[in-house]
Amino acid sequence: MASVNLGSLVQSYSIFNQASRNNSKSFPLPRSFPFIPLKNISSSTPKRRSFTSPPSISSVLTKEDAVMEEDQDPQLPSFDFKSFMIHKGNAVNQALDSAVPLRDPIKIHEAMRYSLLAGGKRVRPVLCLAACDLVGGKESMVMPAACALEMIHTMSLVHDDLPCMDNDDLRRGKPTNHKVYGEDIAVLAGDALLAFSFEHIAVSTVGVTPDRIVRAIGELAKSIGAEGLAAGQVVDISSEGLTNVGLDHLEFIHVHKTAALLEAAAVLGAILGGGRDEDVEKLRKFARNIGLLFQVVDDILDVTKSSKELGKTAGKDLVADKVTYPKLMGINKSKEFAEKLKSDALELLQGFDPEKSAPLIALANYIAYRQN
């Protein structure tokens with residue numbers, strides 16, 4: 001990727017944002033959601049399915065997805081990101097398979113497992129594991145939390161795809177949950193995954209003091225409630241069809257809708273791994289940056305890739321008349337903004353052990369340069 005003059009980018013982005021605020025008529029943000037912008041800080045009865053083993057993550061990471069050598073800083077230790085993601089992702093898959101076995105009532109557990117084990121890059125749980133390792137923790141201390149994050153992420157996808165929300169028929173290259181099991185079971189499967197995620201952390205976490213477990217549960221709950229994911233979703237829905245929406249408004253949506261759960265992943269990893277408060281906060285800011293980066297890249301891919309390439313319906317934001325970064329800034333400015341977010345995220349990792357921070361550096365690069 002060509003280098004970007006970040007100084008001129010900050011200036012141009014600031015001017016663009018100011019003009020947007022002056023000329024836009026943005027949807028008023030709820031008073032209960034204070035926000036500091038980043039720049040300043042058909043249903044049918046399914047056949048019985050059996051999952052003898054969770055899917056391998058190796059098929060998810062293609063050659064072009066891997067961080068290429070020319071994109072890596074020569075000052076950093078050599079790091080095989082693809083192998084890391086495959087190894088950690090498969091460990092998460094095994095843990096998820098064990099955590100949610102097929103049992104009575106069969107239908108809801110089938111539906112839960114259908115979406116939970118449908119594949120995916122496992123970015124959130126892997127981020128959680130890497131953050132734990134960064135602060136000196138062990139994988140066993142944080143694997144239940146990593147699984148809980150994927151359960152919640154899966155719940156959000158199942159509910160997002162419902163006709164009352166995004167009304168999508170395809171997810172991870174497969175029919176969406178409600179298309180296989182019906183809307184009623186899909187709603188309940190999502191609810192069950194959400195509830196079980198908290199139970200799993202509370203019951204299955206080992207080697208961590210109770211106060212840290214309670215703190216982690218509180219962080220996770222806040223990240224998905226009316227101050228987190230739900231806030232972003234509600235403002236996103238309310239914004240459909242609006243014109244002249246400003247950048248601060250769009251950033252609010254995605255910091256809450258997308259970045260909040262990635263932020264929780266890093267924070268939970270640091271808390272449960274025994275990290276200091278200052279390390280927790282650095283990782284919080286790092287994850288917020290890569291969370292917004294994830295969404296900016298997602299918006300770009302939605303208008304530049306096909307449904308086959310993405311494994312989900314392409315162009316759906318355009319059809320729904322949603323405000324996106326390319327719509328507001330254009331493709332080129334969106335790409336420049338993505339580069340700046342990546343740079344800001346990597347800066348927050350300075351001072352940590354270079355070897356242990358390598359997975360997080362590679363993850364930021366992967367999110368920036370991913371193709372689906």
Side-chain angles (χ1 to χ4, degrees), residues 9-41 156-157 159-168 223-263 287-305 310 312-342 344 367-368:
L9 170 60
V10 174
Q11 184 179 15
S12 63
Y13 176 66
S14 177
I15 293 171
F16 184 91
N17 196 21
Q18 184 64 45
S20 176
R21 284 197 298 270
N22 292 339
N23 298 326
S24 67
K25 195 172 183 180
S26 297
F27 182 86
L29 301 182
R31 293 182 181 178
S32 58
F33 303 152
F35 174 56
I36 301 174
L38 271 170
K39 55 187 177 292
N40 296 329
I41 37 168
S156 74
L157 300 182
H159 285 179
D160 256 0
D161 293 335
L162 289 167
C164 65
M165 298 284 278
D166 287 350
N167 192 23
D168 216 330
S223 75
I224 61 176
E227 295 183 33
L229 189 151
Q233 287 278 33
V234 110
V235 176
D236 188 27
I237 291 169
S238 302
S239 301
E240 290 185 19
L242 292 182
T243 58
N244 298 321
V245 171
L247 283 172
D248 284 350
H249 179 98
L250 186 61
E251 190 173 306
F252 176 92
I253 292 172
H254 295 309
V255 162
H256 291 77
K257 181 180 176 181
T258 303
L261 197 55
L262 282 160
E263 183 178 318
R288 179 174 282 205
N289 275 281
I290 66 168
L292 187 55
L293 171 63
F294 191 98
Q295 186 60 50
V296 175
V297 172
D298 212 52
D299 283 357
I300 293 169
L301 293 175
D302 188 62
V303 296
T304 59
K305 297 292 181 179
L310 294 178
K312 61 181 180 180
T313 306
K316 63 180 182 179
D317 290 340
L318 185 64
V319 172
D321 197 25
K322 284 189 175 182
V323 178
T324 64
Y325 282 96
K327 183 176 180 179
L328 205 56
M329 303 175 71
I331 293 290
N332 290 335
K333 286 289 184 183
S334 296
K335 289 180 178 179
E336 290 175 2
F337 184 37
E339 183 71 16
K340 182 184 184 306
L341 287 167
K342 187 202 75 169
D344 288 348
I367 289 173

> Would you say the side-chain atoms of H256 pair up with the backbone N or O of F252, donor to acceptor, closer than 3.5 Å?
Replying inline: yes
> Distance from T258 atom OG1 to D298 atom CG, nearest 0.5 Å?
Replying inline: 7.0 Å
> Measuring from N289:CG to K342:NZ, what's the distance to the nearest 0.5 Å?
Replying inline: 12.5 Å
>> Restricting to non-hydrogen atoms, name the atom on A231 and the atom on A226 that form the minimum distance, rounded to 0.1 Å.
In response: CB-O, 3.3 Å
> S223 pairs by side chain to side chain contact (heavy atoms under 4.5 Å, CB included) with which of L229, L261, L262?
Replying inline: L261
> Should N332 and E336 be marked as a side-chain hydrogen bond (donor to acceptor under 3.5 Å, both in side chains) after you check the CA-CA gap, both sets of side-chain angles, and the distance that decides it?
Replying inline: CA-CA 6 Å; N332 290 335; E336 290 175 2; over 6 Å; no
> Looking at SG of C164 and CD1 of I237, how far apart are the two atoms once the value is rounded to the nearest 0.5 Å?
Replying inline: 8.0 Å
> Hey, mind stepping through D344 and K340 against side chain to side chain contact (heavy atoms under 4.5 Å, CB included) and telling me if it holds?
Replying inline: CA-CA 6 Å; D344 288 348; K340 182 184 184 306; 2.6 Å; yes
>> Holding to side-chain contact (heavy atoms from CB on, under 4.5 Å), I want the full list of residues that pass it with I331, two or more places apart in sequence or in another chain.
In response: V303, T304, P326, K335
> Tell me, do H249 and V235 make a side-chain contact under 4.5 Å, heavy atoms counted?
Replying inline: yes
> Counting N and O atoms only, with roles assigned by atom type, does the side chain of D299 sit under 3.5 Å from a partner on the main chain of Y325, one being a donor and the other an acceptor?
Replying inline: yes
>> Among residues at least two apart in sequence or on other chains, which ones pass side chain to side chain donor-acceptor pair (under 3.5 Å) with S334?
In response: none
> Hey, what do you get for CG (L328) to CD (E251), rounding to the nearest 0.5 Å?
Replying inline: 11.5 Å
>> Could you work out, with side-chain contact (heavy atoms from CB on, under 4.5 Å) as the rule, every residue matching A338, not counting sequence neighbours?
In response: L293, V296, V297
> If you round to the nearest 0.5 Å, how far is CG of D166 from CG of D161?
Replying inline: 7.0 Å
> Once you round to the nearest 0.5 Å, how far does CD1 of I367 lie from CG of L292?
Replying inline: 11.0 Å
> Does D160 have any side chain to side chain donor-acceptor pair (under 3.5 Å) partners at least two apart in sequence or in another chain, and if so, which?
Replying inline: Q233
